[in-house]
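Working notes, beginning with the structure itself.
Whatever order the structure lists ligands and atoms in, that order sets their numbers, starting from 1. We number each residue from 1, following the sequence as shown.
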Amino acid sequence: MKRIAVLGAGNMGAALIGGILKVGVADREHIVATVRTAERAEELAAKFGIRVTAGGNPEAAADAEIIVLAVKPGTLPKVLEEIRETLRPSQILLSLAAAVPIALIEKLTGRSMPVFRAMPNIPVVVEEGATAVSANAHCTAEQRAAIESIFRAVGVVVFVEEELMHAVTALSGSGPAYVYMVIEALIAGGLKMGLSREVSTRLAEQTVLGAAKLVRETMLHPAILRDQVITPGGVTISAIHELEKHGLRSMLISAIETATHHSESRTRALLAKFGDS
Ligand SMILES: NC(=O)c1ccc[n+]([C@@H]2O[C@H](COP(=O)([O-])OP(=O)(O)OC[C@H]3O[C@@H](n4cnc5c(N)ncnc54)[C@H](OP(=O)(O)O)[C@@H]3O)[C@@H](O)[C@H]2O)c1
């Protein structure tokens, strides 16, 4: 069981802590967290029964084997500056900060040590997250297993080359927002056709959940599953014709392409701001 410090336990950091405690990756005595404000520190300490401080990043990091960097990307350089003197090569840095490359973290810490970069998504809050992880050359197989177990506590985890993190951000990092739009639109369609708000919502959310589960459990391509719902001359094909006319698939592909490029430009901006300091 590793000692874990979560620096910046906001939405994402707190969700990770919840998952870690629930699955037993670490127990309460092995986790500490930091936030910015005393109110949030009190709230989290009461919720999880762990030590949470407002500030105090160096103290929290000093004792930990895994240091989770869960602050916003713009705050990360400041936090790394605070903890850099306490860092040891035996520790692991795990950054959740979107668009911040491992090379920038290495530069700002000035240390040769294991660094993981992860892109989780918000369903980690309900232990159904999708997380992609990249690692630098100092990370061992055992350390990868430790990081994997943290994210497995809150969903599914895959390892990717770091250059693919922009695409991951665009697909699964931002993806819940696209799916919420789909659910919202399905609900609106049901409302338009006379279903109650409650019935429409229940049916829409379960349809998305069930369809995703079927993709996972059958491991069939979605096109095959879609074809199984279609009967010749039936209702489904008439709706699919509408979706094709409006370019649903093309729209989503373009959205992911655009978001990937936007993520790349955020990294360039962060490097321009902090990379030369
Ligand atoms: N949310 C997502 O869907 C998502 C997805 C993938 C990756 N991420 C990444 O996860 C990270 C956190 O995102 P989030 O949505 O969880 O943000 P968030 O809810 O705003 O959490 C940030 C936390 O950092 C704390 N903080 C600010 N300055 C600090 C400091 N100097 N020392 C210690 N703690 C400090 C804040 O404390 P207070 O609460 O007291 O202000 C807050 O709790 C970001 O880097 C983001 O890119 C998020």
- Message: Would Glu39 count as a contact residue for ligand 1, given that I'm defining contact as a non-hydrogen atom of the residue lying under 4.0 Å from a ligand atom?
- Response: no

- Any donor-acceptor pair under 3.5 Å from Ser263 side chain to Ala259 backbone: no

- Note on the structure: Near Ala98 (heavy-atom distance under 4.0 Å), the atoms of ligand 1 are 45 (O), 47 (O)

- Item | Winner among Val71, Thr131, Thr37 once heavy atoms are compared against atom 35 (C) of ligand 1 | Val71

- Message: As a test of understanding, state which of Glu205, Glu198, Gln206 forms a side-chain hydrogen bond (donor to acceptor under 3.5 Å, both in side chains) with Arg202.
- Response: Glu205

- Item | Sub-4.5 Å side-chain heavy-atom contact between Tyr178 and Ile256 | yes

- Message: Checking a contact table here: which protein heavy atom is nearest atom 20 (O) of ligand 1, and how many Å away?
- Response: Lys72 CE, 3.3 Å

- Item | Pro73: numbered ligand 1 atoms lying under 4.0 Å from its heavy atoms | 44 (C), 45 (O), 47 (O)

- Identify which of Val124, Thr34, Asn57 has a heavy atom lying nearest to atom 32 (N) of ligand 1. Asn57

- Taking it one step at a time, do Arg111 and Glu85 satisfy side-chain contact (heavy atoms from CB on, under 4.5 Å)? CA-CA 9 Å; Arg111 294 280 188 280; Glu85 292 308 322; 4.0 Å; yes

- Query: Is the backbone N or O of Val157 less than 3.5 Å from a side-chain atom of Arg152, with the two atoms forming a donor-acceptor pair by type?
  - Reply: no

- Message: Counting only heavy atoms closer than 4.0 Å, does ligand 1 sit against the backbone of Ala70, its side chain, both, or neither?
- Response: backbone

- Note on the structure: atom 24 (O) of ligand 1 has as its nearest protein heavy atom Gly8 CA, 3.4 Å

- Tell me: protein heavy atom nearest atom 28 (N) of ligand 1, and distance? Thr75 CG2, 3.7 Å

- Message: I need the nearest protein heavy-atom contact for atom 42 (C) of ligand 1: residue, atom name and distance, please.
- Response: Gly10 CA, 3.8 Å

- Counting heavy atoms only, which part of Met119 comes closer than 4.0 Å to ligand 1: side chain, backbone, both or neither? side chain

- Item | Ala99 contact mode with ligand 1 (heavy-atom cut-off under 4.0 Å) | neither

- Item | Residue pair Val156, Arg216: steps toward the side-chain contact (heavy atoms from CB on, under 4.5 Å) verdict | CA-CA 11 Å; Val156 168; Arg216 174 178 296 170; 3.5 Å; yes

- Message: Checking a contact table here: which protein heavy atom is nearest atom 6 (C) of ligand 1, and how many Å away?
- Response: Pro120 O, 3.1 Å

- With a 4.5 Å limit on heavy-atom distance, are the side chains of Lys47 and Ile17 in contact? no

- Arg40: numbered ligand 1 atoms lying under 4.0 Å from its heavy atoms: 39 (O), 40 (O)

- Message: Tell me which one of Leu94, Ile83, Leu96, Val115 satisfies side-chain contact (heavy atoms from CB on, under 4.5 Å) with Leu69.
- Response: Ile83

- Task: Name all residues meeting the salt bridge (charged side-chain N to carboxylate O under 4.0 Å, His left out) criterion together with Lys78; count only those two or more places apart in sequence or in a different chain, and write none if there are none.
- Result: Glu82

- Message: I need the contact type for Val100 against ligand 1. Using non-hydrogen atoms and a strict under-4.0 Å cut-off, is it side chain, backbone, both or neither?
- Response: neither

- Query: Quick one: does Gly55 get within less than 4.0 Å of ligand 1, heavy atoms only?
  - Reply: no

- Task: Report yes or no: do His241 and Glu244 form a side-chain donor-acceptor pair below 3.5 Å?
- Result: no

- Is it true that Ala9 lies under 4.0 Å from ligand 1, counting heavy atoms only? yes

- Query: Among protein heavy atoms, which lies nearest atom 19 (O) of ligand 1, and at what distance?
  - Reply: Asn11 N, 2.9 Å

- Note on the structure: Within the 4.0 Å heavy-atom cut-off, what Met12 brings close to ligand 1 is both

- With distance as the sole test, does Thr34 use its side chain to make a donor-acceptor pair with the main-chain N or O of Ala54 at under 3.5 Å? no

- Query: With no hydrogens and no angle check, is any side-chain donor or acceptor of Thr267 less than 3.5 Å from a backbone partner on Ala99?
  - Reply: yes

- Query: Tell me: protein heavy atom nearest atom 31 (N) of ligand 1, and distance?
  - Reply: Lys78 NZ, 3.4 Å

- Item | Results of salt bridge (charged side-chain N to carboxylate O under 4.0 Å, His left out) for Glu257 - residues two or more places apart only | none

- What do we get for Val35 next to ligand 1 when only non-hydrogen atoms under 4.0 Å count, side chain, backbone, both or neither? both

- Could you check atom 7 (C) of ligand 1 against the protein and tell me its nearest heavy-atom contact, residue, atom and distance included? Leu96 O, 3.4 Å

- Message: Using a 4.0 Å cut-off to any heavy atom of Ala97, which atoms of ligand 1 qualify?
- Response: 45 (O), 47 (O)

- Calculate, to the nearest 0.5 Å, the distance between atoms CD1 and CZ belonging to Ile20 and Arg28 respectively. 12.0 Å

- Task: Could you tell me whether some N/O pair between Arg36 and ligand 1 is separated by less than 3.5 angstrom?
- Result: yes

